[in-house]
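A note on names: the letters A, B, ... follow the listed sequences, proteins ahead of strands, and every chain is numbered from 1.
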Amino acid sequence: MTSARVHLRTVAIGVLAAILLSACGGDDDGSSDGDAASTTTSAAAGTDDAAVPAGPAMSTAAEALEALLAAEQAGDHAASYALLSSDGRRDYPNVDEWARDRQQLAPITAFEVRPEDDEGVVEALVEHEPGLDPFVGLSVGRELQRWEAVEEDGRWLLDADPEIEPMFPPDEDAIGVAQAWIDAATACDEGALAALEGVAQLFGNGTVRAELCDSGASLQAVDVDEVRSGPASSELVTQYSGDALVWARSVAIEGAPAPMEVILAPIGDDWRVIGVLTG
Amino acid sequence: MRRNRSVAMIAAVATMGWVGISTTPAQASSHREAPLIATDPNADNTDVYAFRDPTDPNSMIVAANFIGLEVPASGPNFPRFGDDVLYEIHIDNNGDVRDDITYQFRFRTFVDNGDTFLYNTGPITAPDIAPQNIRQEYSVRLIDKNGSRIIGENLRTPPVNIGPRSTPNYEASLAQTSHLTLANGALVFAGQRDDSFFVDTGSIFDLFGLRPFNEAHVLGLPPEPGRDGLKNTSVHSIVLRIPISEVTSNGQVPTVVDSKESVVGVYSSTSRHATRALDGLGSLRGSGRWVQVSRLGLPLVNEVLIPLKDKDRWNARMPANDLDADGFGNFVLNPEPAQRIKELYGLEPPGNPRTSDILPILQGAGAGLSAGNYLPPADLLRVNLAVPVTGEPNRLGVLGGDSQGFPNGRRLTDDVVDILIRLMAGGTPFTPGQNTAPANQLGDGVDKNDREFLTTFPFLTTPVSGYEQR
């Protein structure tokens with residue numbers, strides 16, 4: 001993916017988000033019971049697909065998705081499972097498998113199902129509490145989900161795994177955040193550093209902060225790109241999976257005695273520093 | 001296409017020029033008991049224990065061991081938890097064989113100085129000080145009826161036990177200082193321990209030999225004492241002390257033994273990302289959803305009851321409907337070891353299917369439940385939290401008249417090998433007709449661990465140092 005393509009996509013998604021967010025459904029306060037662990041909330045739990053009772057009949061794909069996302073937001077994986085198509089249940093033969101997989105995802109805090117323009121696909125803008133942790137990985141603040149829908153026995157149902165388009169802040173913003181972080185490190189401003197960082201312990205070279213402090217260095221954040229695969233980024237990838245190579249950005253720093261990159265993650269609408277690679 | 005993870009993976013593979021991709025089918029676990037998990041020690045779940053804390057009856061201990069057969073003298077790249085593995089402990093507290101409480105663990109390794117080959121560059125006398133070049137920390141996530149939340153971050157593990165120069169005063173200075181309290185009040189330890197399992201693997205896997213009974217084997221040998229095949233080996237353990245009120249469905253410490261509400265089921269598991277890729281640059285990465293590759297509830301179920309062709313598939317399954325699915329019930333209730341005992345020792349085990357002993361044990365009979373309160377049969381370690389802690393544990397557990405022992409949960413001192421051999425032969429009170437000598441006397445001759453267990457948390461004992469290894 002080139003930077004130009006990322007930029008275009010981001011702009012397009014940003015416009016879309018602006019349109020949809022004003023009408024976005026779900027809890028506005030961001031609270032959610034989502035991701036509840038128990039898969040025992042329904043008598044259907046744990047049975048094979050033939051034994052799972054059908055959910056309420058949905059007359060449109062959008063209705064089905066509305067119900068599925070509402071169930072997921074409530075942490076009721078049995079209810080959402082009942083809205084899966086035959087293909088979806090082939091992928092997840094029982095509620096337990098489905099529930100375990102859904103618990104790997106960031107809890108839904110709000111969503112808005114879009115009007116259908118393609119009978120076979122229905123879209124929703126879905127929101128999560130932004131964050132980054134080693135269990136869920138990146139919890140993107142907003143994403144566009146495209147679900148394939150099918151009509152089976154007069155009911156609209158959904159395939160299991162939607163296509164996801166995460167919405168990241170503009171790449172160019174990462175340069176400014178990296179520069180602010182460099183400036184804060186050089187000024188030994190721990191408070192500013194903490195506000196700019198997205199993890200408790202940075203990946204990569206853990207001594208850079210200390211080395212920059214009061215160094216008088218004049219460093220410039222100059223360019224943003226994706227993070228390259230290889231030994232330097234392997235720690236990041238091991239912790240957050242190969243997904244990190246897609247969502248993380250690398251900002252090149254000029255003026256350092258050795259090559260230096262600041263690594264950032266898109267936490268909600270902002271970029272946050274999560275690592276520094278040197279050498 | 002799967003969600004953002006799949007999008008990410010596909011995009012990355014397409015643009016990064018990967019030279020090697022291996023899709024990981026469900027890899028899986030006991031000690032190297034299944035073909036795939038035998039090649040993946042970091043994710044190999046070897047044993048799980050669950051018992052009331054003898055030092056605090058209002059708490060329970062759950063311990064899960066990983067990375068079997070660690071050789072203490074294995075520097076410079078000593079064993080450690082896998083940074084790319086999801087470790088989990090699952091608890092079912094309402095008898096439906098589904099997770100009600102899950103503790104998840106993720107580890108992260110820090111290398112302070114990549115320009116040396118050494119694990120440490122001086123004596124490590126306290127955690128996280130400069131001479132320890134390779135450190136590992138972890139995070140804990142709790143999933144329960146209230147949702148999911150991270151209850152511990154940046155928790156330290158002790159270094160491995162290297163030797164008197166590198167890790168002096170190991171237990172007091174390094175291990176005990178890694179007993180940490182989680183946000184929900186549970187106590188946790190994660191790090192290297194002496195392997196708590198004791199068994200004569202050398203003889204048992206030599207055509208099911210039991211050294212004390214060598215003369216009775218069709219290929220007879222002189223009798224001799226058992227030898228602990230795991231002596232002087234280590235594991236990496238995760239140990240939790242959890243208030244019982246945090247575990248039971250009603251938030252109470254139970255007092256009625258023959259009650260479903262008093263019994264919780266425990267198992268542990270590991271998962272890896274579905275796809276692993278080599279980039280030809282010296283790094284390996286995983287992508288996609290977590291896929292379970294190892295699980296362990298009751299000891300030895302997968303090890304000796306599930307046949308080779310299905311072991312890794314068993315490891316990939318969740319325990320619900322264990323006996324109903326895909327013929328697994330046949331393997332468990334028509335156990336191959338019983339047939340081997342008949343062939344090799346001339347004994348006459350109970351007839352198949354084993355509905356008088358194995359089935360009720362899987363339903364909670366060993367955990368103090370009567371038929372009216374049986375739970376669905378499953379490969380869960382079921383522990384009855386209403387049974388008081390005994391001051392005189394018997395290694396044979398319930399078979400030895402000690403209702404707090406295996407198969408009511410599993411304590412470190414429970415001799416599950418002897419118990420299960422006798423079960424296979426029919427030498428238990430569940431089958432009175434066969435509960436006679438020698439069936440009810442069989443054993444491998446290894447009655448206890450080679451090192452004494454600790455009497456306080458985390459109970460699993462100090463690992464042998466590399467320097468001390470013999």
Side-chain angles (χ1 to χ4, degrees), chain A residues 1-2 32-41 45-48 75 91 94-97 99-101 103-105 107 133-138 140 143 145-146 160-166 200-201 203 206-207 226 228-235 237-239 241-247, chain B residues 1-9 11-18 82-84 86 94 96-102 104 106-112 137-139 141-148 150 153-154 273 275 277 279 281-290 292 318 320-321 325:
Chain A
M1 189 186 306
T2 65
S32 172
D33 292 328
D35 205 17
S38 175
T39 59
T40 61
T41 52
T47 55
D48 60 26
D91 293 340
N94 55 59
V95 176
D96 295 329
E97 302 281 353
R100 178 173 286 192
D101 202 56
Q103 287 166 8
Q104 297 176 14
L105 305 177
D133 71 57
F135 300 96
V136 172
L138 180 72
V140 64
E143 65 189 17
Q145 299 186 351
R146 295 189 185 90
D161 294 319
E163 183 180 326
I164 302 289
E165 190 161 2
Q201 298 187 75
F203 290 86
T207 64
E226 292 185 339
R228 291 183 300 279
S229 177
S233 60
S234 64
E235 185 191 2
V237 168
T238 299
Q239 196 69 188
S241 87
D243 292 4
L245 297 179
V246 172
W247 52 251
Chain B
M1 184 183 296
R2 287 188 60 83
R3 302 186 305 266
N4 51 340
R5 295 184 189 125
S6 295
V7 173
M9 180 192 75
V13 168
T15 57
M16 302 305 291
W18 293 98
D83 288 2
D84 52 358
L86 173 66
N94 61 6
D96 67 354
V97 200
R98 294 184 174 86
D99 296 0
D100 297 297
I101 301 168
T102 304
Q104 298 183 316
R106 287 293 316 277
F107 292 83
R108 179 180 166 188
T109 300
F110 297 86
V111 178
D112 288 343
E137 297 184 356
Y138 63 105
S139 301
R141 181 193 193 209
L142 175 63
I143 308 173
D144 63 13
K145 62 185 178 184
N146 297 316
S148 65
I150 291 177
E153 289 184 283
N154 306 314
H273 287 293
T275 300
D279 65 357
L281 299 171
S283 60
L284 166 71
R285 77 176 187 204
S287 292
R289 69 184 177 114
W290 293 108
Q292 182 176 302
M318 300 165 77
N321 306 318

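- A donor-acceptor pair under 3.5 Å is absent between the side-chain atoms of A:Gln239 and the main chain of B:Asp84, judged by distance alone.
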A:Glu235 and B:Val111: CA distance, side-chain angles, deciding distance, side chain to side chain contact (heavy atoms under 4.5 Å, CB included) verdict: CA-CA 10 Å; A:Glu235 185 191 2; B:Val111 178; over 6 Å; no
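- Looking only at side-chain heavy atoms (C-beta outward), B:Arg285 and A:Leu245 come within less than 4.5 Å of each other.
- Distance check: B:Thr102 OG1 to A:Arg100 CZ gives 7.5 Å after rounding to the nearest 0.5 Å.
- The shortest non-hydrogen separation linking B:Asn154 to A:Ala200 is ND2-CB, 3.3 Å.
- Proximity of a side-chain donor or acceptor of A:Gln104 to a complementary backbone N or O of B:Arg289 within less than 3.5 Å is not detected.
- Looking at A:Glu97, both its backbone and its side chain come within 4.5 Å of chain B, counting heavy atoms on both sides.
- Here the straight-line distance linking atom CG of B:Asp99 with atom CG of A:Asp96 works out to 8.0 Å at 0.5 Å rounding.
- Neither the backbone nor the side chain of B:Glu153 comes within less than 4.5 Å of any heavy atom in chain A.
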Residues B:Asp83, A:Thr238; criterion side-chain hydrogen bond (donor to acceptor under 3.5 Å, both in side chains); working and verdict: CA-CA 6 Å; B:Asp83 288 2; A:Thr238 299; 5.9 Å; no
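- For chain A, the option among B:Leu142, B:Ile150, B:Val97, B:Thr109 with the highest count of heavy-atom pairs below 4.5 Å is B:Ile150.
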Side chain to side chain contact (heavy atoms under 4.5 Å, CB included) between B:Arg108 and A:Phe203, intermediate numbers included: CA-CA 10 Å; B:Arg108 179 180 166 188; A:Phe203 290 86; 3.5 Å; yes
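- Here the side chain of B:Arg106 pairs a donor or acceptor atom with the backbone of A:Pro134 at under 3.5 angstrom.
- The two residues B:Trp290 and A:Phe135 come nearest to each other via the heavy atoms NE1-O, 3.8 Å.
- What you find for B:Leu281 and A:Ser229 is that their closest heavy atoms are CD1-O, 3.6 Å.
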